[in-house]
Amino acid sequence: MSECFEFSKELYSKESLIKAAYDFIDDYYVHLDSTSEKYIVYLDSKTNDNHLSEKEFINAILIHETRKIVFEKTNRIREMLYARAMASTLIDEGYEDSSEKMYSTDSYSADEILTDWFDDRG
């Protein structure tokens with residue numbers, strides 16, 4: 001069964017439309033086209049018993065459009081969190097030779113190291 005849907009370029013991004021079309025490629029052959037004002041989606045069912053309504057396709061576009069909006073609005077905070085996480089791994093603890101301090105066995109006993117954290121709640 002063949003379907004043809006048209007969507008306004010003003011409302012939906014090309015990226016969201018392509019992602020929505022990708023969601024249906026298991027069951028449909030997809031062809032995308034456009035005019036100056038609209039995107040055109042042609043869907044041909046791989047089996048004759050499939051029928052996709054325009055509403056289902058619109059919901060798929062809206063899901064991807066919403067994800068895009070959330071990504072754009074939260075991108076800056078994600079970058080800041082990532083930068084802070086990476087920067088905290090580079091902090092110098094002030095050890096003269098950190099490799100000596102890290103691998104020194106003088107400051108820890110085997111009992112402290114081998115004790116289960118959940119058993120040692122004292």
Side-chain angles (χ1 to χ4, degrees):
M1 176 165 265
S2 183
E3 307 286 341
C4 178
F5 306 130
E6 293 184 1
F7 302 101
S8 171
K9 285 184 175 182
E10 192 174 310
L11 293 176
Y12 305 110
S13 70
K14 180 180 176 182
E15 178 182 326
S16 297
L17 182 88
I18 290 171
K19 286 181 178 182
Y22 180 78
D23 289 345
F24 297 101
I25 64 170
D26 287 341
D27 299 321
Y28 295 89
Y29 297 107
V30 179
H31 175 73
L32 303 175
D33 203 353
S34 68
T35 64
S36 61
E37 297 175 359
K38 296 189 180 265
Y39 295 116
I40 304 168
V41 179
Y42 298 98
L43 299 169
D44 288 319
S45 177
K46 290 182 178 181
T47 62
N48 289 335
D49 58 346
N50 287 345
H51 173 70
L52 179 68
S53 73
E54 186 174 10
K55 291 177 182 179
E56 289 176 283
F57 198 88
I58 289 172
N59 280 349
I61 296 174
L62 288 174
I63 288 168
H64 291 290
E65 195 67 32
T66 303
R67 286 179 180 165
K68 180 181 177 215
I69 291 167
V70 169
F71 176 81
E72 289 170 353
K73 292 208 179 263
T74 60
N75 190 34
R76 181 82 173 122
I77 187 86
R78 255 191 331 278
E79 287 175 355
M80 288 172 34
L81 288 170
Y82 181 75
R84 182 156 186 165
M86 291 294 108
S88 67
T89 62
L90 302 175
I91 295 175
D92 183 13
E93 297 293 332
Y95 299 127
E96 294 82 34
D97 185 1
S98 60
S99 62
E100 278 184 28
K101 179 74 173 168
M102 188 181 301
Y103 299 112
S104 172
T105 58
D106 298 336
S107 60
Y108 298 105
S109 71
D111 290 334
E112 289 176 326
I113 295 171
L114 300 175
T115 301
D116 187 351
W117 293 352
F118 295 105
D119 291 341
D120 186 31
R121 295 184 185 171

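Along the sequence shown, the residues carry numbers beginning at 1.
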*Asks:* Using the ring-ring contact (aromatic ring centres under 6.0 Å, His included) criterion, which residues pair with Tyr42? Sequence neighbours excluded.
*Replies:*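 Counting only residues at least two positions away or on another chain, Tyr42 forms a ring-ring contact (aromatic ring centres under 6.0 Å, His included) with His31.
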*Asks:* How would you list, by chain and number, every residue that makes a side-chain contact (heavy atoms from CB on, under 4.5 Å) with Ser36, sequence neighbours excluded?
*Replies:*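 side-chain contact (heavy atoms from CB on, under 4.5 Å) list for Ser36, sorted by chain: empty.
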*Asks:* Could you state whether Leu43 and Ile25 fall into the same hydrophobic cluster, counting links through intermediate Ile, Leu, Val, Met, Phe, Trp or Tyr residues with side-chain heavy atoms under 4.5 angstrom apart?
*Replies:* yes
*Asks:* What pairs with Phe24 under ring-ring contact (aromatic ring centres under 6.0 Å, His included), at least two apart in sequence or on another chain?
*Replies:* Phe57
*Asks:* Please determine whether residues Phe5 and Ile40 belong to a single hydrophobic cluster, defined as Ile, Leu, Val, Met, Phe, Trp and Tyr linked transitively by side-chain heavy-atom distances below 4.5 Å.
*Replies:*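 No.
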*Asks:* Sequence neighbours excluded, which residues qualify as side-chain hydrogen bond (donor to acceptor under 3.5 Å, both in side chains) partners of Arg78?
*Replies:* Thr74, Asn75
*Asks:* Would you please name every residue forming a side-chain contact (heavy atoms from CB on, under 4.5 Å) with Glu72, sequence neighbours left out?
*Replies:*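 By the side-chain contact (heavy atoms from CB on, under 4.5 Å) rule, Glu72 matches Lys68.
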*Asks:* Could you state the interatomic distance from OH (Tyr28) to NZ (Lys46), rounded to the nearest 0.5 Å?
*Replies:*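 Answer for the OH-NZ pair, Tyr28 versus Lys46, is 11.0 Å.
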*Asks:* Distance check, rounded to the nearest 0.5 Å: Arg76 atom CZ versus Leu81 atom CG?
*Replies:*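 Result: 11.0 Å between the selected atoms.
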*Asks:* Among pairs that include at least one residue of residues 19-36, which meet salt bridge (Lys or Arg N to Asp or Glu O under 4.0 Å), considering only residues two or more places apart or in two chains?
*Replies:* Glu15-Lys19
*Asks:* Is there a path of hydrophobic side-chain contacts, each under 4.5 Å between heavy atoms of I, L, V, M, F, W or Y residues, that connects Tyr29 with Leu52?
*Replies:* no
*Asks:* With sequence neighbours excluded, what pairs up with Leu32 under the side-chain contact (heavy atoms from CB on, under 4.5 Å) test?
*Replies:* Leu17, Ile18, Ala21, Val30, Val41
*Asks:* Taking only residues at least two apart or on different chains, which pairs with a member in residues 4-13 satisfy side-chain hydrogen bond (donor to acceptor under 3.5 Å, both in side chains)?
*Replies:* Ser13-Ser16, Ser13-Glu65
*Asks:* Nearest 0.5 Å please: distance from the CD atom of Glu54 over to the CD atom of Glu3.
*Replies:* 9.5 Å
